Number of protein chains: 2
Amino acid sequence: MASISDSEPRPDDSAQIQHEVGNRANKRRLNETQILQAAESAFAERGYGGTTTAAIAKAANLPKANVHYYFGTKKALYQAVLDNILSLWLEPMRDIQEDDDPAAALTKYVQSKMRYTRERPSASKVFANELLHGAAQLEDHLKTDLKELVDDKAGVLNTWIKQGRIKPVDPVHLFFLIWASTQTYADFDVQISAVLGKPAIDDADFKAAEDTVIQMVLSTCGLLSTDVNSG
Amino acid sequence: MASISDSEPRPDDSAQIQHEVGNRANKRRLNETQILQAAESAFAERGYGGTTTAAIAKAANLPKANVHYYFGTKKALYQAVLDNILSLWLEPMRDIQEDDDPAAALTKYVQSKMRYTRERPSASKVFANELLHGAAQLEDHLKTDLKELVDDKAGVLNTWIKQGRIKPVDPVHLFFLIWASTQTYADFDVQISAVLGKPAIDDADFKAAEDTVIQMVLSTCGLLSTDVNSG
DNA sequence: GTTTTTTTTGACCAAACGGTCAGGTTTGTG
DNA sequence: CACAAACCTGACCGTTTGGTCAAAAAAAAC
């Protein structure tokens with residue numbers, strides 16, 4: 001399946017390139033990508049029910065029938081968008097390892113999450129929207145892939161706690177707070193920018209946000225020594 | 001008088017009861033409430049675009065034309081649901097006052113937010129959904145009411161910081177993190193319960209969640225003295 | 001009791017929707 | 001070049017949607 005993030009033609013790739021140009025497969029991938037991007041941003045803006053296949057087609061500069069030619073049904077297209085997103089979402093967490101320095105590993109994790117928030121806000125919104133409405137298309141993944149990953153990494157944090165390297169904290173809930181705190185800047189950006197009194201969240205705001213989240217995580221884990229009563 | 005299956009008659013209330021029974025106004029209020037509740041839960045489950053007025057009517061046990069009689073259009077009904085929610089949402093924040101004890105005031109605020117999350121999950125979801133999709137119906141409120149309130153309360157936190165009563169932290173972003181961290185337990189409950197490996201978030205989970213959020217807020221503000229390097 | 005106002009509702013629309021399809025075009029193959 | 005396979009798309013279709021309406025029922029006013 002085409003990745004949603006590659007924009008260039010790319011005449012190479014691993015698949016069997018028969019005879020000359022992979023002109024056909026190439027255009028297919030290009031169109032699929034274009035449709036997926038248009039769909040992602042449409043679903044992010046209006047939700048599943050509020051998005052029409054016609055709108056997606058128009059945004060992708062293709063006739064509606066073409067969209068159906070590539071993805072069959074609206075639901076299948078939506079599923080393709082979701083699949084694309086979930087793997088991205090899970091990635092940064094895998095990096096957390098037992099022999100890492102806790103402060104460094106957690107900081108890096110927050111930064112990765114924050115980068116995702118900034119670079120793929122539509123993806124974050126589609127994911128949020130799906131969760132919000134019951135995640136029927138995603139439930140299995142959550143109960144298996146995500147749960148296993150979280151259980152694993154919660155184990156890492158618990159080891160750190162046992163070793164006295166971080167303060168006792170419920171690791172699973174800490175992850176929930178990190179997810180919520182980072183993604184809120186994508187999912188609820190309207191609220192954020194309204195409160196900040198700006199037309200959009202800018203670089204400085206994102207820096208302040210990231211700093212605050214990191215301060216929060218490290219403080220919660222007892223990795224930031226400055227106490228209000230210590231100065 | 002008491003028709004069909006209503007649980008409590010309620011002959012009181014403050015409004016002008018003309019002549020005899022406020023039978024008319026009473027039933028109107030009852031029907032409106034029923035429609036609003038049905039609408040809130042429907043919009044929470046399926047979003048604005050995914051909800052049909054017929055589904056709302058059915059959930060409210062009324063013919064569809066009746067829903068339109070009371071609220072005119074689907075959009076007007078949605079707006080009514082939203083208005084209902086926003087005031088609820090803003091309330092707990094007003095309680096934060098400059099001469100409060102910071103730890104107590106912040107703890108109470110988190111607890112209020114958490115209670116809202118537990119008691120009105122559909123309201124939280126509708127609100128989240130609206131923000132997610134641009135908050136066209138809510139933007140003005142956000143830019144005025146919410147912004148003013150946050151600016152005011154950020155001032156309180158800044159005073160506390162200046163007085164050395166809490167550690168330096170960006171107050172506005174701290175609020176963002178509190179909102180995100182509490183509401184995630186309503187908005188993304190499917191994800192939470194999937195990761196916890198339970199069919200639903202139970203009392204113990206909510207307690208752990210609340211404890212973790214409070215630990216996070218107080219730590220971030222330097223109000224929890226136990227440092228990992230201090231024992 | 002009679003009239004007026006408000007409420008209720010089944011039946012009914014025009015518009016918009018997801019999806020289909022026949023038939024034309026392009027690309028790959030021998 | 002001839003042929004086949006894959007691709008493209010305008011036109012179309014059955015269903016569902018938000019919304020309307022006339023006429024009946026209920027309540028209030030006189």
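Residue numbers start from 1 in every chain, and the chains themselves are labelled A, B, ... in the order their sequence lines are given, proteins ahead of strands. Every value quoted in this text rests on a predicted model; they were computed, and no experiment measured them. As a basis for the values below, the full set of heavy atoms in this structure was taken, side chains included, without hydrogen atoms, waters or symmetry mates.
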Send over the distance from [X] [atom1] to [N] [atom2], rounded to a whole Å.
X: B:Leu30; N: C:dT7; atom1: CG; atom2: C1'; result: 14 Å
X: A:Asn61; N: D:dT9; atom1: CG; atom2: C1'; result: 14 Å
X: A:Leu62; N: C:dT25; atom1: CG; atom2: P; result: 19 Å
X: B:Ile56; N: D:dG18; atom1: CD1; atom2: P; result: 8 Å
X: B:Asn31; N: C:dT6; atom1: CG; atom2: P; result: 17 Å
X: A:Ile35; N: D:dC8; atom1: CD1; atom2: C1'; result: 12 Å
X: A:Lys27; N: C:dT27; atom1: NZ; atom2: C1'; result: 10 Å
X: A:Glu32; N: D:dC8; atom1: CD; atom2: C1'; result: 15 Å

Option from A:Arg115, A:Gln215, A:Arg118, A:Met114 for which side chain to side chain contact (heavy atoms under 4.5 Å, CB included) with A:Glu210 holds: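 Of the listed options, the one satisfying the test is A:Met114.
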A:Phe43 and A:Tyr48 aromatic ring geometry - parallel, tilted or perpendicular at 30°/60° bounds: parallel
Parallel, tilted or perpendicular: ring planes of B:Phe206 versus B:Tyr185, cut at 30 and 60 degrees: tilted
If you compare every side-chain N and O of [X] against the phosphate oxygens of [N] (OP1, OP2), does one of them come in below 4.0 Å?
X: A:Tyr69; N: D:dC7; result: yes
X: B:Arg28; N: C:dT7; result: yes
X: A:Asn66; N: D:dG10; result: no

Note: A:Lys125-A:Asp189 ion pair, threshold 4.0 Å (strictly below):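 Salt bridge between A:Lys125 and A:Asp189, a charged N being under 4.0 Å from a carboxylate O: yes.
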Sugar-phosphate, base or nothing in reach of B:Tyr70, heavy atoms under 4.0 Å: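 The residue B:Tyr70 makes sugar-phosphate contact but no base contact.
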Contact check, side chains of B:Phe127 and B:Asp187, non-hydrogen atoms, under 4.5 Å: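 A side-chain contact is absent here, since even the closest heavy-atom pair is not under 4.5 Å.
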NZ (B:Lys75) with more than 12 external heavy atoms under 6.0 Å: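 12 or below, so no.
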Nucleic acid footprint by protein, nucleotides 16-21 of chain C - heavy-atom cut-off 4.0 Å, B for base, S for sugar-phosphate alone: -SBBBB
Step-by-step side-chain hydrogen bond (donor to acceptor under 3.5 Å, both in side chains) determination, A:Tyr116 to A:Gln183: CA-CA 9 Å; A:Tyr116 171 80; A:Gln183 283 163 225; over 6 Å; no
